**Student:** 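This is the structure I want to talk about, given as structure tokens.
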2 protein chains.
Amino acid sequence: MTVKKRSQRVLSHHSPIFRRLKDLGPIDVDALNAVASLSGHEIEIPRGADFVTRGTVISHAFAIETGWAMRYLLTRDGRRQITSLVLPGDLVGYESALVGRAAHTVCALTNLKAFAFDASDLLDILYAHPSLMRILAWRQDSEITAMDESSLRLGRFSAEQRLAHFFADLWRRLRRVGHADDRGFDLPMTQSEISDALGLSLVHTNRRLQEFRRDGVLAIDNGRLRIGDAGRLLELASGRGAGAHALGA
Amino acid sequence: MTVKKRSQRVLSHHSPIFRRLKDLGPIDVDALNAVASLSGHEIEIPRGADFVTRGTVISHAFAIETGWAMRYLLTRDGRRQITSLVLPGDLVGYESALVGRAAHTVCALTNLKAFAFDASDLLDILYAHPSLMRILAWRQDSEITAMDESSLRLGRFSAEQRLAHFFADLWRRLRRVGHADDRGFDLPMTQSEISDALGLSLVHTNRRLQEFRRDGVLAIDNGRLRIGDAGRLLELASGRGAGAHALGA
DNA sequence: CGCTCCTTTGATCAGAATCAAACAACGTGG
DNA sequence: CCACGTTGTTTGATTCTGATCAAAGGAGCG
């Protein structure tokens with residue numbers, strides 16, 4: 001892995017990780033200070049690098065500061081499924097602190113800046129501050145909830161719906177952290193990557209995207225997604241029902 | 001919801017939850033005792049009942065003792081995606097202890113016996129015993145890992161592979177807890193439910209299952225899945241690759 | 001006996017994959 | 001500065017997996 005290590009230091013107070021922590025409700029100051037005192041180093045990870053690999057013993061975890069990454073799996077014949085996007089403020093590889101090795105493979109979608117810190121330090125802090133452990137559990141559960149949604153998308157939505165749902169979801173996520181406005185957001189993904197997130201073929205993805213463009217729903221150009229018709233987009237994306245009657249439905 | 005409450009008591013030492021806890025590595029006796037002293041009541045939940053509903057405020061969580069359940073979502077037009085199976089030894093609704101409300105909807109696939117306990121008691125215990133919180137986080141991460149696998153299945157596997165992978169995975173899970181042997185296991189799911197777990201239509205699922213039967217791979221009769229050719233099954237199921245080169249693959 | 005739930009069958013249709021190739025943008029080294 | 005390789009997007013033609021529609025058997029049950 002080609003990473004550039006930089007200054008040894010502590011987590012910046014401006015790191016998106018703090019914004020995220022505060023989003024999750026009140027934390028006691030002690031816990032926050034403990035996180036702030038985590039020592040580690042800023043690293044840069046080049047696009048395309050697998051910086052965490054499933055099954056390997058890794059000694060540190062990463063807090064993503066800028067850039068996007070993806071969790072993914074490969075089929076035996078080399079096709080890919082992107083299972084989750086990792087955005088600024090997300091933690092990667094922390095599970096190594098719990099289990100000793102990485103449970104996922106994560107690859108940089110863009111050049112990344114991340115804060116790398118010792119996984120065992122993290123474990124210590126989590127033990128010392130149950131409220132942080134609780135927040136970790138909370139976030140993991142959010143991830144599970146998000147993956148439920150993603151399963152519905154993969155299992156039951158048409159290509160058009162999958163795309164709409166995917167972009168709508170990203171839009172929401174990015175607005176929450178100030179990386180998107182009403183008109184759109186920067187989307188550093190190729191159509192091939194989008195396909196691999198949605199379980200579609202590249203060609204089909206391309207055609208549906210062109211349709212969106214023609215219909216004025218949205219258009220991607222130059223790494224930026226522009227929302228043309230938010231109403232229509234959300235309409236297409238909202239394939240999910242309320243959730244009542246289950247068996248036999 | 002039609003549930004039958006029974007004796008108010010503490011968690012049985014024979015509950016699958018303990019077996020599961022011990023699987024996850026050494027726990028200090030204190031923590032184990034704390035879990036054992038959780039007070040609650042045994043309940044019976046009838047097949048088809050949604051016993052946890054997303055978004056609702058619930059005061060208790062459930063440890064499944066016997067029977068199967070499912071986490072699921074519905075599309076707006078009433079189709080269903082089963083996102084995860086809940087087996088004996090699994091915890092359901094614990095997230096309400098972290099966040100205050102249920103994050104998932106869970107429905108009984110069979111009649112269930114479960115131990116219902118106060119979510120806030122659980123939270124207390126988790127705070128008092130960080131090692132338990134760690135185990136919770138560990139299990140959540142396992143769930144995420146399992147869902148990654150499920151995304152690959154939904155996004156990139158053929159119907160035949162999905163079925164094989166699904167059954168192989170279930171077989172493994174059930175053997176680990178002594179609910180399956182070399183020849184097969186009890187499968188309390190209708191073909192409709194299997195379809196909804198795999199993102200397939202009922203008709204198509206039925207046809208692929210018949211093919212499996214004809215080819216002697218496996219056969220389902222009377223709620224029991226019999227493995228005919230384990231080698232072939234695992235071969236079909238093993239669509240996943242090692243996981244190296246990511247971008248552009 | 002008549003439901004209801006589940007499985008099976010047949011026929012048709014369509015969404016999306018696949019194959020093949022051109023085109024466009026970009027960075028690099030000669 | 002341009003030829004060239006690489007990466008990403010677009011187009012066209014064709015095939016096929018799996019969805020949908022419709023309905024008939026089976027099995028269990030009150």
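Letters A, B, ... mirror the listed sequences (proteins, then strands); counts begin at 1. Bear in mind that the values here come from a model prediction, so they are computed numbers and not experimental data.
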**Student:** Nearest whole Å is fine: how far is dG8(D) P from L109(A) CG?
**Tutor:**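 Computing the L109(A):CG to dG8(D):P distance gives 11 Å.
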
**Student:** L202(A) near the nucleic acid: base, sugar-phosphate alone, or nothing, with a heavy-atom cut-off under 4.0 Å?
**Tutor:**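 Result for L202(A) = base.
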
**Student:** Could you check whether the side chain of R207(A) and the base of dG15(C) have a donor-acceptor pair of N or O atoms closer than 3.5 Å, going by distance alone?
**Tutor:**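 Checked by distance alone, the answer is no.
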
**Student:** Closest approach to the side chain of V203(B), judged atom by atom: which nucleotide of dA16(C), dA17(C), dG10(C) is it?
**Tutor:**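 Of the options given, the side chain of V203(B) lies nearest dG10(C).
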
**Student:** Distance check needed: dC5(C) C1' versus E193(B) CD, whole Å only.
**Tutor:**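 Value for this atom pair: 11 Å.
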
**Student:** Decide if atom CZ of R183(A) counts as having more than 12 heavy atoms of other residues, nucleotides or ligands within a radius under 6.0 Å.
**Tutor:**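 Not more than 12 within 6.0 Å, no.
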
**Student:** Are Y72(A) and L109(A) close enough that some pair of their side-chain heavy atoms sits under 4.5 Å apart?
**Tutor:**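 No; the side chains remain at least 4.5 Å from each other.
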
**Student:** Between Q161(A) (CD) and dA19(D) (P), how many Å, whole number?
**Tutor:**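 Q161(A) atom CD is separated from dA19(D) atom P by 15 Å.
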
**Student:** Taking the side chain of A159(A) as its heavy atoms from C-beta onward, which of dT9(C), dA16(C), dT11(D) lies nearest to it?
**Tutor:**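 Side chain of A159(A) sits closest to dA16(C).
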
**Student:** On DNA chain D, check which nucleotide each of L209(A) and R156(A) is closest to and give me the residue with the more 5' one.
**Tutor:**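 This one resolves to L209(A).
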
**Student:** Nearest to the H204(B) side chain among dG18(D), dT18(C), dT10(D), which nucleotide is it?
**Tutor:**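 Taking heavy atoms from C-beta onward, the closest nucleotide is dG18(D).
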
**Student:** Which pair of heavy atoms, one from H60(A) and one from S96(A), lies closest together, and at what distance?
**Tutor:**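 Nearest heavy atoms, H60(A) then S96(A): O-OG, 4.4 Å.
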
**Student:** Give R162(B) one of three labels, base, sugar-phosphate or nothing, depending on what nucleic acid heavy atoms sit under 4.0 Å from its own.
**Tutor:**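 If one applies the 4.0 Å heavy-atom cut-off, R162(B) turns out to touch nothing in the nucleic acid.
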
**Student:** Checking contacts here: which listed nucleotide (dT7(D), dG10(C), dG18(D)) is nearest the side-chain heavy atoms of L200(B)?
**Tutor:**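 Within the option list, the nearest is dG18(D).
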
**Student:** Rounded to the nearest Å, what distance is computed from the CG atom of residue D77(B) to the C1' atom of nucleotide dT20(D)?
**Tutor:**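 In whole Å, dT20(D) C1' lies 13 Å from D77(B) CG.
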
**Student:** Figure out the CG/C1' separation between D221(A) and dA24(C), and round it to whole Å.
**Tutor:**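 In whole Å, dA24(C) C1' and D221(A) CG are 15 Å from each other.
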
**Student:** Rounded to the Å, how far apart are E160(A) CD and dG15(C) P?
**Tutor:**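 E160(A) atom CD is separated from dG15(C) atom P by 10 Å.
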
**Student:** Identify the two heavy atoms, one from I58(B) and one from A102(B), that lie closest to each other, and give their separation to 0.1 Å.
**Tutor:**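 Nearest heavy atoms, I58(B) then A102(B): CD1-CB, 4.0 Å.
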
**Student:** Distance check needed: dT7(D) P versus D196(A) CG, whole Å only.
**Tutor:**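 Those two atoms, CG and P, are 16 Å apart.
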
**Student:** Can you confirm whether more than 12 heavy atoms, excluding those of N222(B), are under 6.0 Å from its CG atom?
**Tutor:**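 Result for CG/N222(B): open.
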
**Student:** Is N206(B) close enough to dT7(C) that one of its side-chain N or O atoms is under 4.0 Å from OP1 or OP2 there?
**Tutor:**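 So the side chain of N206(B) is outside the cut-off, no N or O lying under 4.0 Å from OP1 or OP2 of dT7(C).
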
**Student:** Select base, sugar-phosphate, or nothing to describe what T190(B) touches, counting heavy atoms under 4.0 Å on all strands.
**Tutor:**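 Since only primed, P, OP1 and OP2 atoms lie under 4.0 Å of T190(B), the category is sugar-phosphate.
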
**Student:** Counting the atoms with a prime plus P, OP1 and OP2 as sugar-phosphate, which does G223(A) contact under 4.0 Å by heavy atoms, base, sugar-phosphate, or nothing?
**Tutor:**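 Nothing: the residue G223(A), judged by heavy atoms under 4.0 Å, touches no strand.
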
**Student:** OP1 or OP2 of dT8(C) sitting under 4.0 Å from any side-chain N/O of R213(B)?
**Tutor:**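 For R213(B), the contact criterion (side-chain N or O under 4.0 Å from OP1 or OP2 of dT8(C)) is met.
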
**Student:** Rounded to whole angstrom units, what separation is found between the CE atom of M189(B) and the C1' atom of dT7(C)?
**Tutor:**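 Checked: the CE to C1' distance equals 16 Å.
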
**Student:** If you compare all heavy atoms of V92(A) against all heavy atoms of V86(A), which two are closest, and at what distance to 0.1 Å?
**Tutor:**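 Smallest heavy-atom distance, with atoms named: CG2-CG1, 3.5 Å.
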
**Student:** Among dA19(D), dT9(D), dG12(D), which nucleotide has an atom closest to any side-chain atom of Q191(A)?
**Tutor:**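 It is dT9(D).
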
